[in-house]
Visitor: 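Starting off with a structure, shown below.
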Amino acid sequence: MSTKYWLMKSEPDVFSIEMLEKQKKPEYWDGVRNYQARNFMRDEMKKGDLVLFYHSNCEVPGVAGIAIVSKEAYPDHTQWDKKSKYFDPKASKENPRWFMVELTWKETFHKVVSLQEIKEEKTLSKMRLVQKGNRLSVMPVEKEEFDFIKKMSKRK
DNA sequence: GCCAACGTTGGC
DNA sequence: GCCAACGTTGGC
């Protein structure tokens, strides 16, 4: 199996790449409540896949670093937790609806590759991220796009 | 904080 | 199964 590449969004106020780096342990990616995003995580994400860690809903939205999938999809426990904002009354233990993966920190970019810069690159114009109205929090990216963004993070 | 673009829900 | 109403995401 070859490595796949992904982009996952997180609000840095809630959870940032810096927090992932500091905690020195994997983070489970709970709270995904979108079927398309779930399917990507549950069906396609494999251990060792590489993830562009994207900061959304903040001053400079963009890719802030790289993480690696360290555990493949398993049921998201917050769906059964009545006190959680992610509680889903339609999910049962026998038939879980929502899944999550675990990510381990790999790299924090010296500078964030901003959404604005990404939009300016013709090479990246096919990314789902820059297409109109895209709100997916988990999406696949091409190896070429992944490598290109990594290269952009090293620019002056 | 605004609002466009979606996704989901529920009445019919 | 349609679609209006509502909720959410996320850039700005």
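Below, chain A is the first sequence line, B the second, and so on; all start at residue 1.
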Visitor: In whole angstrom, give the distance that lies between atom CE of A/Met139 and atom P of B/dC6.
Guide: 13 Å
Visitor: Between A/Tyr86 and C/dT8, does any side-chain N or O lie under 4.0 Å from OP1 or OP2?
Guide: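 Answer is no, no contact under 4.0 Å.
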Visitor: So which nucleotide from B/dG7, C/dG11, B/dC6 ends up closest to the side chain of A/Pro61?
Guide: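 My answer, after comparing the listed nucleotides, is C/dG11.
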Visitor: Side-chain donor or acceptor of A/Arg135 under 3.5 Å from a matching atom on the base of C/dT8?
Guide: yes
Visitor: To the nearest Å, how far apart are A/Asp88 CG and C/dG7 P?
Guide: 17 Å
Visitor: Please give, in whole Å, the distance from B/dC6 P to A/Arg128 CZ?
Guide: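 These atoms are roughly 12 Å apart.
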Visitor: Take the protein atom CD of A/Gln116 and the nucleotide atom P of C/dC12, then report the distance between them rounded to whole Å.
Guide: 8 Å
Visitor: Specify the separation, in whole Å, of atom CG of A/Asp13 and atom P of C/dG10.
Guide: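 From A/Asp13 CG to C/dG10 P: 14 Å.
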Visitor: Please give, in whole Å, the distance from C/dT9 C1' to A/Tyr54 OH?
Guide: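 That distance rounds to 11 Å.
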Visitor: Quick check: on DNA chain B, is the nucleotide nearest A/Gln131 upstream (toward 5') of the one nearest A/Lys90, or the reverse? Name the residue that is more 5'.
Guide: A/Gln131
Visitor: Anything under 30° is parallel, anything over 60° is perpendicular, the rest tilted; go ahead and classify A/Trp29 against A/Phe53.
Guide: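 Geometry flag for A/Phe53 against A/Trp29: perpendicular rings.
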Visitor: Mind checking whether A/Phe146 and A/Tyr5 have parallel, tilted or perpendicular rings, split at 30° and 60°?
Guide: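 Tilted.
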Visitor: From the list C/dG11, B/dC6, B/dT8, which nucleotide is the closest neighbour of the side chain of A/Lys132?
Guide: B/dC6
Visitor: Report yes if the distance between the aromatic ring centroids of A/Tyr54 and A/Trp6 is under 6.0 Å, otherwise no.
Guide: no
Visitor: For A/Trp80, is the NZ or CZ atom of A/Lys93 found under 6.0 angstrom from the centre of its six-membered ring and inside 45 degrees of the ring axis?
Guide: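 So A/Lys93 does make the cation-pi contact.
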Visitor: Provide, to the nearest angstrom, the distance between the NE2 atom belonging to A/His55 and the C1' atom belonging to C/dT9.
Guide: 17 Å
Visitor: So which one's nearest nucleotide on DNA chain B is more toward 5', A/Arg97 or A/Asn57?
Guide: A/Asn57
Visitor: Taking the minimum atom-to-atom distance to the side chain of A/Gln36, which one of B/dG7, C/dG11, B/dT9 wins?
Guide: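 For the A/Gln36 side chain, the nearest candidate turns out to be B/dG7.
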Visitor: CE of A/Met127 versus P of C/dG11: gap in Å, rounded?
Guide: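 One finds 13 Å between P of C/dG11 and CE of A/Met127, rounded.
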Visitor: Is it the case that A/Ser16 and A/Glu18 place a side-chain donor and acceptor less than 3.5 Å from each other?
Guide: yes
